[in-house]
Amino acid sequence: MTADENSAAARRSLEGLALGDAFGERWFPLFRDPRQAYDEVRARRIPEEPDWHWTDDTAMALGLLRVLDQYGEVRQTELALCFALGHDADPARGYGYGMHQLLPRLLREPDRWPEYTRELFDGQGSLGNGAAMRAAPLGAWFRADPERVVEQATRSAEVTHAHPEGIAGAVAVAVAAALSAQGRLTLGEVAALTPDSAVRDGLRAAAELSFATEPWKAADLLGNGQRIRADDTVPFAVWSAARHPDDLVAALWTTAEGFGDVDTTCAVTGGIVAARTGVDDVPASWLSRREPLPGAAGPG
Ligand code: F2R
Ligand code: MG
C-alpha cells in the first residue's frame, strides 16, 4: 500500500467519525426531555439544526491524521504537540476534564508527555474514552497489518491516556476499523487483539449479544459511555458497527438509540463503519449539515 492509499483510507474513516461526532452531539440538548428524544430517534428524525458542529473527537482525530500524513507513523512528541495546538486553537470543542489539564502543559513542553500524562487523575492516568474516540482512522491507515495496528494505536493513546483501560479502548477501536476496512469485522476478532482489560471483557460480552437485541437494551448491558470511560463506551459502539457493517446511517441510528456519551459513541461507530463504506451513501441532508473538515472542500 502506498502512503497516498493509506491516507485516503484513513480519510474515509475520518469523514464517518466526524459525521458521527457532529450528528451525535446534536442530541444532547434534546436529552432535557428523554422521552421526546427517544421518540425522535425511533422515528429516525434527524436533529433540525442546520449546523452540526463536530467536537474534540474530530479535533483530535485530525491531529492524529496530520502526524500520520507527515511521518507515516505515530511520533509521540509530535503528536502531543499536534493535540495541544488543536486545543489551543479551539478549546471549546467539549474536551474532557483531563485534557483541559494536560494539553496546555503539552503546548509548552510536548516532550514531557510521559510524565504529565501519568500525573492525571491522582497518578492513575486517564481511562477516559478520548484515546478510543480518535483511533479509527489510524486503524484504517494500518489495515493491512494487525500487529502494527495494535502497536501504533498503543503509541497514539499513550500520549494522553496512561491508564491501561484508556489504551485498550484505542487498540480495540483501531483494530475494529482495520477489520472493517477489509470487510471482516467481528467482535470476537476485535476482542482477541485487544489487551487484557475491562474493555476486552466488554467486547467479549458484546460478541455474545445477538444483533436482534434492541439497541437500548444492548446499551444497558454493555454501557453507553455515560461514565465517559473507555470500558463503558467502546463495547456498545463496536457492537453497533458490527451490527451494520455496510450501512453507516443505520449504524449511527442504532448507536444514537443508546444515548449516553452520544457524540463519542457515534464517532467511534462512524469511524469504524466508514472505514469500509465511506460517506457516499449518506443522505445530502446529513452531509450538508456537518461542519466541514479543514483542508476539504466538503465531505465525500
Ligand atoms: N467532555 C465530554 N462530555 C461532556 C459534555 C457532553 C455534552 N457536550 C454536553 O453538552 O453535555 N466529552 C468529551 O470527553 C470524552 C473524552 O474524554 P477524555 O479525552 O478521555 O478526557 P478525560 O477527562 O481524560 O477522561 C474523561 C472522564 O473519564 C473519567 N476518568 C478518566 N480517568 C479516570 C480515572 N483514572 N479515574 C476515574 N475517572 C477517570 C473522568 O470523569 C474524566 O473526566 C469524550 O466523550 C469527549 O467527547
Ligand atoms: Mg466530543
Side-chain angles (χ1 to χ4, degrees), residues 14 16-34 37 47 49 51-64 79-80 82-84 86-87 90-106 113 116-136 153 156-173 197-199 219 223-234 236-237 252 255-256 258-271 290-291 293:
L14 177 69
L17 185 160
L19 182 71
D21 177 15
F23 165 75
E25 176 69 9
R26 294 318 313 150
W27 290 99
F28 281 104
L30 292 173
F31 288 174
R32 281 184 225 108
D33 183 348
E49 290 84 354
D51 301 313
W52 298 353
H53 294 287
W54 41 261
T55 75
D56 56 333
D57 309 51
T58 303
M60 296 190 96
L62 279 164
L64 178 50
L79 183 58
C82 236
F83 287 153
H87 178 267
D90 194 352
R93 289 273 183 190
Y95 286 86
Y97 167 82
M99 296 307 107
H100 283 302
Q101 308 302 307
L102 176 68
L103 296 175
R105 300 181 86 187
L106 294 183
W113 64 264
Y116 291 158
T117 300
R118 169 59 60 191
E119 284 174 13
L120 290 180
F121 299 101
D122 297 326
Q124 295 178 36
S126 176
L127 49 69
N129 56 24
M133 72 190 182
R134 64 189 188 229
S156 76
E158 285 170 344
V159 166
T160 50
H161 289 65
H163 196 289
E165 292 293 340
I167 295 169
V171 170
V173 172
S197 57
V199 171
N224 65 1
Q226 199 163 20
R227 301 172 70 199
I228 334 182
R229 298 165 54 120
D231 64 339
D232 90 318
T233 303
V234 170
F236 173 61
L252 291 179
T255 313
F259 291 121
D261 190 9
V262 72
D263 62 316
T264 292
T265 51
C266 284
V268 169
T269 302
R290 198 208 71 194
E291 180 183 358
L293 296 174

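Note that the structure is predicted; figures quoted are calculated from it, not measured. When a ligand or atom number is given, it counts from 1 through the structure's own listing order.
- More than 12 heavy atoms of other residues, nucleotides or ligands sit less than 6.0 Å from atom CD of Glu291.
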*side chain to side chain donor-acceptor pair (under 3.5 Å) between Arg290 and Thr58, intermediate numbers included*: CA-CA 12 Å; Arg290 198 208 71 194; Thr58 303; over 6 Å; no
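- Ordered by chain and number, Thr55 OG1, Asp56 OD1, Asp57 OD1, Asp263 OD2 make up the set of protein N, O or S atoms under 2.8 Å of the Mg ion (ligand 2).
- Looking at heavy atoms from C-beta onward, His163 lies out of side-chain contact with Ser126 at the 4.5 angstrom threshold.
- A 4.5 Å side-chain heavy-atom check between Gln101 and Tyr116 finds every atom pair outside the cut-off.
- A side-chain donor-acceptor contact under 3.5 Å links Thr117 to the backbone of Val159.
- Side-chain N or O atoms of Asn224 include one that pairs as donor or acceptor with a backbone N or O of Gly258 at under 3.5 Å.
- Judged purely by atom type and a 3.5 angstrom limit, Arg32 uses its side chain to pair as donor or acceptor with the backbone of Pro29.
- By the 4.5 Å heavy-atom criterion applied to side chains, Glu158 and Arg118 are not counted as neighbours.
- Side-chain N or O atoms of Asp232 include one that pairs as donor or acceptor with a backbone N or O of Arg227 at under 3.5 Å.
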Anything under 3.5 Å between an N or O on ligand 1 and a protein N or O? List each pair with its distance, or write none.
unit_1	atom_1	unit_2	atom_2	d
ligand 1	1 (N)	Gly94	O	3.2
ligand 1	8 (N)	Glu25	OE2	3.2
ligand 1	12 (N)	Gly94	O	3.4
ligand 1	20 (O)	Asn129	N	3.4
ligand 1	20 (O)	Gly130	N	2.9
ligand 1	20 (O)	His161	NE2	2.7
ligand 1	23 (O)	Tyr97	N	3.1
ligand 1	23 (O)	Gly98	N	2.6
ligand 1	24 (O)	Ser126	OG	2.6
ligand 1	32 (N)	Leu127	N	3.0
ligand 1	35 (N)	Gln124	OE1	3.1
ligand 1	35 (N)	Gly125	O	3.0
ligand 1	45 (O)	Asn129	OD1	3.4
ligand 1	45 (O)	Asp261	OD1	3.2
ligand 1	45 (O)	Asp261	OD2	2.4
ligand 1	45 (O)	Thr264	OG1	2.9
ligand 1	47 (O)	Asp56	OD1	2.9
ligand 1	47 (O)	Asp56	OD2	3.4
ligand 1	47 (O)	Asp57	OD1	2.9
ligand 1	47 (O)	Asp263	OD2	2.9
ligand 1	47 (O)	Thr264	OG1	3.0

